[in-house]
Amino acid sequence: MTGKPKLALYWAASCGGCEIAVLGIDERILKVAEAFDIVFWPCVLDGKVRSIEKMADKEIELCLFNGAIRTSEQEYMARLLRQKSKVLVAFGSCAHEGCIPGLGNVATREEIFQISYHDTPSTVNPEGTRPQAETEVAEGTLYLPHFYDTVKTLGQTVEVDYYLPGCPPEPERIWDALTAILTGALPPPGAVIGAQTTVCDECPRTREEKKIKEFKRTWEIIPDPEVCLLEQGIICCGIATRAGCGALCPTVGSPCIGCYGPNEGVQDFGARMMTALASVIDSDDPQEIESIISRGIPDPIGSFYRFSLAHGQLRRCALPLEADTLDATKAA
Amino acid sequence: MSDTFEPKIVAFLCNWCSYRAADLAGTSRIKYEPNVRIIRVMCSGRVDPTFVLKAFSLGADGVMIAGCHPGECHYLEQNYKAMRRYYMLRHTLRSMGMEDDRLRLQWASAAEGVQLAAAINEMIEQVRALGPLNWSANWHENGRRLEALGRLAQEHAEAMEVPA
Amino acid sequence: MAEKVGVYICHCGSNIAGMVDVEGLARWAGANLEDVTVARDYKFMCSSLGQELIEEDIKKEGLTRVVVGACSPHLHEKTFRKACANAGLNPYLMQMASLREQISWVSSDKDKATEKAKALISGAVRRVIEQEELFASEAPVNPNTLVVGGGVTGIQAALELADAGYHVYLVEREPSIGGHMAQFDKTFPTLDCSACILTPKMSDVGQHESITLLSYAEVEEVTGYVGNFHARIRKRARSVKEADCTGCGVCIEKCPKKVIDDVFEAGLGYRKAIYRPFPQAVPKYPVIDREACTYYLKGTCKACEKFCPTNAIDFEQQDSFLDLDVGNVILATGFDMFDSTRLPQYGYGRLANVFSNLEFERMCNAAGPTDGKVVLRDGVTTPESIAIVHCVGSRDKKHNPYCSAVCCMAALKFGHLAIEKTGAQVYSFYIDMRTPHKNYEEFYDRLLAEGMQFVRGRVAEVTDAARLPGEEGKLIVQSEDTLAGRQRRTPVDMVVLMGALEPRHDARETALKFGISCSMNGWFTERHPKLDPVATMTDGVFIAGVCQGPKDIPDSVAQGAAAAARVMAMITKGTVLIEPVVATIHEENCSGCRICNNLCPYNAITFLEDKGVSYVNAALCKGCGTCVAACPAQAISGAHFSNEQIFSEIEGLLYDAISGNGAGHKVEPAGVPA
Amino acid sequence: MKYSYYPGCSLEKNAASYHESTMAIAGPLGLDFVEVEDWNCCGATEYHALNQTAAYALIARNLAQATKNEGLDTLVAPCSACYLNLRKCDKYMATEPELAGRVSQALAEAGLSYKGGTLHVRHLLDIVYNDVGLETLQAKTTRPLKGLRVAPYYGCMIVRPGFHNGDDDPEYPVTLDRILTALGAELVDFPMKAHCCGGHMTQISEATGFELIRRLIKSADDYEADLIVTICPMCQLNLDGFQGAMNRHFGTSYHIPVLYFTQLIGLALGLAPRDLGVGSEIVSAKEALSKIGAEVEEAEVATPRQRRDDKALPMPGRRGEG
């Protein structure tokens, strides 16, 4: 064993892109390996949960945790790594604000199981088998992790020291953060490590005052390559999304979808998009306003909360009252 | 619950028209139900959708946004922005499964104490009929969550220990 | 650092104490609310003793925040802010909870009222902790004033200011000042000749050394703020060089082109293509109507130029612009007459002998197209019977719901003039006779004595379809006589429609230009309908006369003078305080997305191209907070109404809600379950 | 442009010429009418005073039948009474739950149903004015109605507030005026254009009915109209059918023919009078229509009202009209 500080990386409810993004820092990963003793990284190294469980509290110097919390096993790991780490970083959009897994919060566990295990065209399941939390076999009881109704962010599950936004975080930003951690040049705990402004700041398109008469879907127009996409009616989340990516999407003609999350201090990303877009609708007539909104934004959750539903003030869609998965508290 | 449900309504009133309407309702001794809690903002245009979402998440059963009548805004046209945001917010809240009656946009001039009181009463009745919102209950997981967590720790201790 | 909050609950005699358990409330606040170090109740907080209580606690207890649970902040916010300031606490660190207007006066259950009071106090405490020190700033007031509109109201305002020694720029859209009053023959109820009392004032304006008269001109753009406005005036090309014109009138005499005068003569008479609206016009310089002038249409004529003794005609003249710096603005833009063709059942524009009120005014005027003779449309026949129809376009939900205020009296005046000039039988068809002012009811009595007939009921239609004996060749006024309870068909020779006074067709644009608002009906909105009738929500912009709402000449004149007095107060004081409740854009958070750029009706937000960020001019900002709420990057903060303050107030107000206790909002203790 | 078409009882008998002329102009104007199958009487003007449920059930049955014309959501009625009844019923089915409940129950007995707002009920005049349009009418006119002085008569049913969605003035409507002007006719400023024709009054109180008819005919005559143009079978019946009786009652000798606007449109389109049912009217239009024979003669029509001597004062213009 070396005296190097210990580093752990973990992957909960996420796509794996964050793991690859870490390797996106290229050969500098060797510097990381030089500086840290990587004790846990299931994607890359063989490691045992048990050995983590046996560590002393705060024995791990730094844990980069990516992924949202969707199952009891993920929550367990979050709690475990929190307990064993000095600095816990919510790494990437899933851990930070729920991201795409968080969009599962438009449905209930029941609905998700129904679709996944029964309704998808590619599913063949004539017996109607479903994963069970407990299964009795001859040898005894087998357990599977408990699947939650609501995806939570890491920050809603355990105390988080820092957040690194992005889906996935840009390698350069990862390197910036690692450097900051290594050199101790850290912002106050609880902060997001990143820019303090939004994507427009990095976007090369020209911007004027805004008035929108019609929201358009991306397939409806071929956007002018020079002009702000929003001014052309395309819902571009660059206005509300934290800078850091270099405005990759709008630069190539695709609207920003908000993966870097909200700007500093914002409590609800969707609210920022809603209020900004509504403010510049070019109509004072209630009926016209309604039709501009309902025609142009058929999927408001997908448009405004693609990455942050779990992180928003409301966190999810209302659970159906009769759902049997409800906790007793709802009835009280 | 044995008694009738008493909803909690948070109302954002603009300083110039609707807050004055509330003042007038007071000086005119117009009685309305005590379920509304008023926040003064300078203009309905100040109402950030986050305020509304926050009120819901913190336990409000309904939210009212009140401002000057269209065309009578003391800041000329800012209530139109409030109106646009209201429709945007309603559109999103609908898709989140929230009933329309829980969010109300109300115009009330400084002279409309009676109308504002009536609107408040009406909204309280509508929300009462809908029942408690109790939004944060949506987040509670099944009661077996802690049990499942505990079992993992136990399993690990039993199964993952490599015998010496 | 934890704040020290003082909570003060006012009994307001029994006004609050009668419905809210004030002692219990104070005790509860002291025991249960975080950061509350002092909580007291007192009989009358607004009394000097009550205020001293607060001042003492600030000094002795070192309070850093104050919450007063009393009446509406609209009543005593200033009082308690001052008390705080007296004790050395920044006045913006005080918050009021409206226990009286929002609780005790509107509730009927003491327990529930007290519960609600707890929520309001809790909200105020949480909010006040987030409040910040703010400081008002001062700006100088430019002593020049811009008066827009040269009717009798604008004339009065301009003269009051000029006579006091302050410079006035008077802008009038028409070629001459005088407004509607110059068109009238007599004024009710005294029947003085309108011209006789108005024209001396007009020439005073024309000659006053402190008045710059800009006629045939309009305000293009206004920027700036109270005390420091900049106005750009477009002087339309008169085609006459004012410096050279003597006003001799030869050009008018020699002009061969006659056109219907839609403005001054209300379409009832003619004028030349080069014209002065009327002989006593101020200024005296004529203008060429380029849409009618033969030279502009066909390229030849120039009769005026040939005969002008001073070579004052300039066909090439262009519109010119004038930039003015003024400290205050008085808007006196007046009204438009209702277009009676909008009520086709009254036949105006179809039936020859149906006249508008303005047409009838011109007909009665000795200087008008008929030399003061009341005649039918054929120009010769004297009517033997005249019907005056009230409320045409007024008190009518399809057009204007309001009462136009002057028509009843004007109708009585018309009745008098018609009887005097023709001896005709005059009928008035009214809904209610409205004569509230000095000597007005007496004038009504006089007309009753003079034999004018009054029928109470709205007119259904005016038709030439005769069917009863005596109706042939007449106009028949079909009405319901609500006093007699029957239908009436009244055959007459002439019908006069008392059209409504309406806001200027471009009133909303004007309002926008000057940053003020219009009521639903389109009249400019005053700051307070009773206590501040000539000020507007925009400091430094005042309104007077009919542009604020229908009123007669005495009221208009009074408002003109009142607005002038308000302006003089501003000039005399010399400086204005700029409210600190404004929005600020934090450059480091602004990405220059420009969402906010056109949200401000006061143009307080500009985009700084060099920095690529937007910027709020605090002097122009009125503090509405719309841009704060709109900013997608949350880069704009609103002083005294910040997100943190309102979030905290919401949390405080909902202290007793289920989830307000933290369930679901707080992270559970870390660690793996045993 | 395809519509459901509800002719109504009158168009089967006394107003057959209205139906014939409507069908005759439909083709040239690009209108395609699909008659509602097995329609019944609309209840005219009296029935709802006697039995509300039965009256509205009667009307609603027609609406329900009309929904069977698949893909057609506009129901056209040429008769003003039918139009008013159908439109009222459609509205009440949406806004008056109590009445709608009773009517729905009645419909259900016959296996029918109707939901308020399903159909747009429109008058034929509305279709011609808004869907065909003045430009098309003008373009298709081959025999302009030049020199024909016509009094446009709307009657009282169609002009209720909300007619044309409020685009036309209920007190002084102009839609028909504009159509006739587009066809080249000379319009008289008919002051009685929206007054009542008497409805069924001739059957209840002859003297009252005749007086109401006289006012209209006299006014048209005062204005030297060659004929009255109507859009309603009831109006046509009263003014045409009872004109003789009215003349006898008052000892007058008015002769003002009364034609349907569809007949005049047909004439302007160059169709043969007999294909438009012209000739079936009681007060003969032969002389009046001779003014617009194939060889159109420019008749000098005296317009004494417009004469003006030197002293005359200018008339105010009607703003908003070019």
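Residue numbering restarts at 1 for every chain, and letters A, B, ... go by the order of the sequence lines.
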Applying side chain to side chain contact (heavy atoms under 4.5 Å, CB included) to Asp48(B) and Arg272(A), what does each step give before you reach the verdict?
CA-CA 8 Å; Asp48(B) 186 320; Arg272(A) 299 263 54 75; 2.9 Å; yes

Select one option (side chain, backbone, both, neither) describing which atoms of Ala82(B) are under 4.5 Å from chain A's heavy atoms.
neither

Expected output: side-chain Arg84(B) to main-chain Ser283(A) donor-acceptor under 3.5 Å:
yes

One should read off an interatomic distance between Met88(B) CE and Met273(A) CE, to the nearest 0.5 angstrom, of 8.5 Å

So which of Thr50(B), Val52(B), Val47(B) has the largest heavy-atom pair count under 4.5 angstrom toward chain A?
Thr50(B)

With a 4.5 angstrom heavy-atom cut-off, is it the side chain or the backbone of Leu277(A) that approaches chain B, or both, or neither?
both

Which region of Glu73(A), side chain (C-beta onward) or backbone (N, CA, C, O), has a non-hydrogen atom less than 4.5 Å from a non-hydrogen atom of chain B, or is it both or neither?
both

Gap between atom OG1 of Thr275(A) and atom CZ of Phe51(B) - 0.5 Å precision:
9.5 Å

Quick one: does Thr92(B)'s side chain get under 4.5 Å of Tyr305(A)'s, heavy atoms only?
yes

Shortest non-hydrogen contact from Arg316(A) to Asn138(B)?
CD-O, 3.3 Å

Do Glu75(A) and Arg145(B) make a side-chain contact, defined as non-hydrogen atoms from C-beta onward lying under 4.5 Å apart?
yes

In this structure, are over 12 heavy atoms from other groups packed under 6.0 Å from Lys31(B) atom NZ?
yes

Is Asp268(A) salt-bridged to Lys54(B), cutoff N-O under 4.0 Å?
no

Mind ranking Gln78(B), Arg90(B), Met98(B), Glu77(B) by heavy-atom pairs under 4.5 Å with chain A and telling me who comes out on top?
Arg90(B)

Quick check for you: to the nearest 0.5 Å, what is the distance between Tyr143(A) atom OH and Leu152(B) atom CG?
11.0 Å

Smallest separation among heavy atoms of Cys317(A) and Ser95(B), with atom names
SG-O, 3.6 Å

Contact check, side chains of Trp135(B) and Arg315(A), non-hydrogen atoms, under 4.5 Å
no

Of the backbone (N, CA, C, O) and the side chain (C-beta and beyond), which part of Ile289(A) lies under 4.5 Å from a heavy atom of chain B, both, or neither?
side chain

For Lys48(A), is it the side chain, the backbone, both, or neither that has a heavy atom closer than 4.5 Å to a heavy atom of chain B?
neither

Closest approach of Gln313(A) and Trp139(B), non-hydrogen atoms and distance?
O-CZ2, 3.4 Å

Just verifying a value: how many Å separate Glu290(A) CD and Tyr86(B) OH, rounded to the nearest 0.5 Å?
8.0 Å

Going by heavy atoms in the side chains, are Met96(B) and Leu309(A) under 4.5 Å from each other?
yes

Taking all atoms of both residues into account, what is the closest heavy-atom pair of Ala271(A) and Leu53(B), and its distance?
CB-CD1, 3.9 Å

Turns out that what part of Ile292(A) lies under 4.5 Å from chain B's heavy atoms comes down to neither

With the threshold set at 4.0 Å, does a side-chain nitrogen-carboxylate oxygen contact exist between Arg151(B) and Glu134(A)?
yes

Exceeds 12 heavy-atom contacts within 6.0 angstrom, atom CZ of Arg295(A)
no

Does the side chain of His91(B) reach to within under 4.5 Å of the side chain of Phe304(A), using non-hydrogen atoms?
no

Gap separating the CD atom of Gln267(A) from the OG atom of Ser57(B), nearest 0.5 angstrom
8.5 Å

May I ask you to decide if Tyr80(B)'s main-chain N or O and Asp284(A)'s side chain share a donor-acceptor pair within less than 3.5 Å?
no

Ala278(A) backbone acceptor or donor facing Arg85(B) side chain under 3.5 Å
no

Measure distances from Val49(A) to the heavy atoms of chain B and classify the residue's part below 4.5 Å as side chain, backbone, both or neither.
both

